[in-house]
Amino acid sequence: MEAPIGVIDSGVGGLTVVKEMLNRLPNEPIIYIGDDARCPYGPRSTQEVRQYTMEMASALSKMGIKMLVIACNTATAVALDEIREHFSFPVIGVIVPGARGAVKASETGNIAVLGTVGTINSGAYDDAIHALNPNATVYPLACPEFVPIVESGLYKSESASGIVAKALVGLAGKEFDVAILGCTHYPLVQHHIQAHLPDGVNIISSAVETVSDVEQMLLLKNSKRHSASEVAPIFYTTGKIEQFSPIVEDWLLIDQPDVRHIIL
Ligand code: I24
Ligand code: DGL
C-alpha cells in the first residue's frame, strides 16, 4: 500500500520513534507532524493535550494515511482511546509497547516508569503493565527536569548527570529490575539514567518497542508497502522550519530534509 504512516508528537522528540522506523521499515513512507509551537505537552492539562492531539490526527487523516503512530508518551497517555474511536485507520501508541517490553524483560515484576508529569499522573503505564501482569509492582516517577536538559543541549555535559541523579533519588530504596523510558526525550539521557540506577537494571525504550507493533499491524492489515524503493519522509512543524530542520539532519542523518510548516 502506497499511503504513508502518520506519526505525531508534541515536537521533535518523536523523531526517536521515526529513527527506529526508518531502520526497521525502510520502505514505509512517513508523514510526521511535530507541534513545536505548543511543546512541551508534559506540563499541560489533559484537555489541552487531547485537543492538540486530535488536531494533528485530523490533519493527517485529511492528507490520507494508512496508520497513525502517536509517538508522544504524554499524548498517548491521555488521548489514545479517543483518537482510536474517532478514526477508522489503526492507531498505535507508545505505552502498551513499552509496557510489554518491560513485562517481558522483568524477572521480578517490579518495574520503574520514568515520564513527564502528564504521563505519570495519567496512570497509563501502570494500567498497561497491570493488564499484562496483574502481580506487577510499578514505581512511577515524574522527571520534569529531563526534557529541558535535552532541549537545552545540556544532556551532553556532565552537569546533566547531577540533575538526573537528583531526580532518581525518587526511586531510592525501591527494588526493580527494569526501568521504562516513558518519554520521547529520555533515550538521549539514557547513559546518565543507567549510571544512577542500581546495577543490573534493564532499561526499556518505548520508542524501540513501538516499531515492533507497527510492523505487526502492517502485517495484520496486509498494508505493508511492496515496492522496495525508499521514499523520503515529509515533516511538518507548527513551529519554525529553520529550528526543526537541523534536528532532523542531526538525528536522522538526512541531508536537506523535506520540512514544511503547518497551521493546526
Ligand atoms: N532536542 C530536542 N529538542 C530541541 C534538542 C533541541 N535542541 C537541541 N536538541 N529543541 O528534543 C526544542 C525546541 N524546538 C523549537 C522548535 O523547533 C524544533 C526545536 C529531542 C530530540 C530527540 C530526537 C538536542 C538534539 C539535537 C539533535 C538531535 C537530538 C537532540 F540538536 F537531542
Ligand atoms: N513528547 C513528550 C513525551 O513523550 C515529551 C515532550 C513534551 O513534554 O511534550 O511525553
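All values below were derived from every heavy atom in this structure, side-chain atoms included, with hydrogens, water molecules and symmetry-related copies excluded.
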Non-hydrogen atoms of A75 and V49 that approach each other most closely: CA-CG1, 3.7 Å
Say you draw a straight line from CD1 of I163 to CD of E145; how long is it, rounded to the nearest 0.5 Å? 8.0 Å
Answer yes when E209 and K104 have at least one side-chain N-carboxylate O distance shorter than 4.0 Å, and no when they do not. no
Cluster link L25 to L15, ILVMFWY, side chain under 4.5 Å: yes
Taking the basic N atoms (NZ, or NE/NH1/NH2) and the acidic carboxylate oxygens, is any pair closer than 4.0 Å for E55 and R38? yes
Distance from T53 atom OG1 to M56 atom CE, nearest 0.5 Å? 5.0 Å
As a quick check of understanding, evaluate side-chain contact (heavy atoms from CB on, under 4.5 Å) for I30 and F235, giving each step before the final call. CA-CA 8 Å; I30 292 173; F235 302 93; 5.7 Å; no
Is I31 linked to M21 within one hydrophobic cluster, defined over Ile, Leu, Val, Met, Phe, Trp and Tyr using a side-chain heavy-atom separation of less than 4.5 Å? no
How about R24 and S212: do any of their side-chain heavy atoms sit closer than 4.5 Å? yes
If you define the side chain from C-beta out and look only at heavy atoms, does anything of E151 sit under 4.5 Å from V147? yes
Would you name the heavy atoms of L188 and W251 that are closest together and state the gap between them? CD2-CZ3, 3.7 Å
As an exercise, state the distance from CZ of F89 to NZ of K66, rounded to the nearest 0.5 Å. 13.5 Å
I180 vs S206 side-chain heavy atoms within contact, under 4.5 Å: yes
Kindly work out whether a path of hydrophobic side-chain contacts (I/L/V/M/F/W/Y, heavy atoms less than 4.5 Å apart) joins M63 to I241. no
Any side-chain heavy atom of N73 sitting closer than 4.5 Å to one from T116? no
Going from CD1 on I262 to CD1 on I33, what distance comes out if it is rounded to the nearest 0.5 angstrom? 4.0 Å
Determine whether V259 and T237 satisfy the following criterion, side-chain contact (heavy atoms from CB on, under 4.5 Å), listing intermediate values before the conclusion. CA-CA 7 Å; V259 182; T237 171; 4.1 Å; yes
Heavy-atom nearest pair, S106 first then D177, reads OG-OD1, 2.7 Å
Dump the intermediate steps for side-chain contact (heavy atoms from CB on, under 4.5 Å) on R100 and D213, then the final yes or no. CA-CA 10 Å; R100 192 182 313 111; D213 283 45; 3.0 Å; yes
Go through the steps for Y32 and I8 under the test side-chain contact (heavy atoms from CB on, under 4.5 Å), then give the verdict. CA-CA 6 Å; Y32 182 96; I8 57 177; over 6 Å; no
Mind checking whether K224 and E28 have side chains closer than 4.5 Å, heavy atoms only? yes
Flag if over 12 foreign heavy atoms under 6.0 Å of NE2, H191: yes
Should F244 and D36 count as side-chain neighbours, where that means a heavy-atom distance under 4.5 Å? yes
Shared ILVMFWY cluster between Y236 and M54, side chains joined below 4.5 angstrom? yes
Using 0.5 Å steps for rounding, measure from the OG atom of S161 to the CG atom of L154. 11.0 Å
Should R225 and E2 count as an ion pair when the cut-off is N to O under 4.0 Å? yes
Residue pair V78 / S122, side-chain heavy-atom distance below 4.5 Å: yes
Any chain of hydrophobic side-chain contacts (each under 4.5 Å) joining M217 to V214? yes
May I ask you to check whether Y41 and Y52 place their ring centers less than 6.0 Å from one another? yes
Interatomic spacing from CG in L171 to CG in L114 - rounded to 0.5 Å: 6.5 Å
Name of the residue among V7, L80, L60 meeting side-chain contact (heavy atoms from CB on, under 4.5 Å) with L68: L60
Side chain proximity check, V113 to Y139, heavy atoms < 4.5 angstrom: no
Closest non-hydrogen atoms of A179 and V201, given as atom of the first, atom of the second and distance, are N-CG1, 3.9 Å
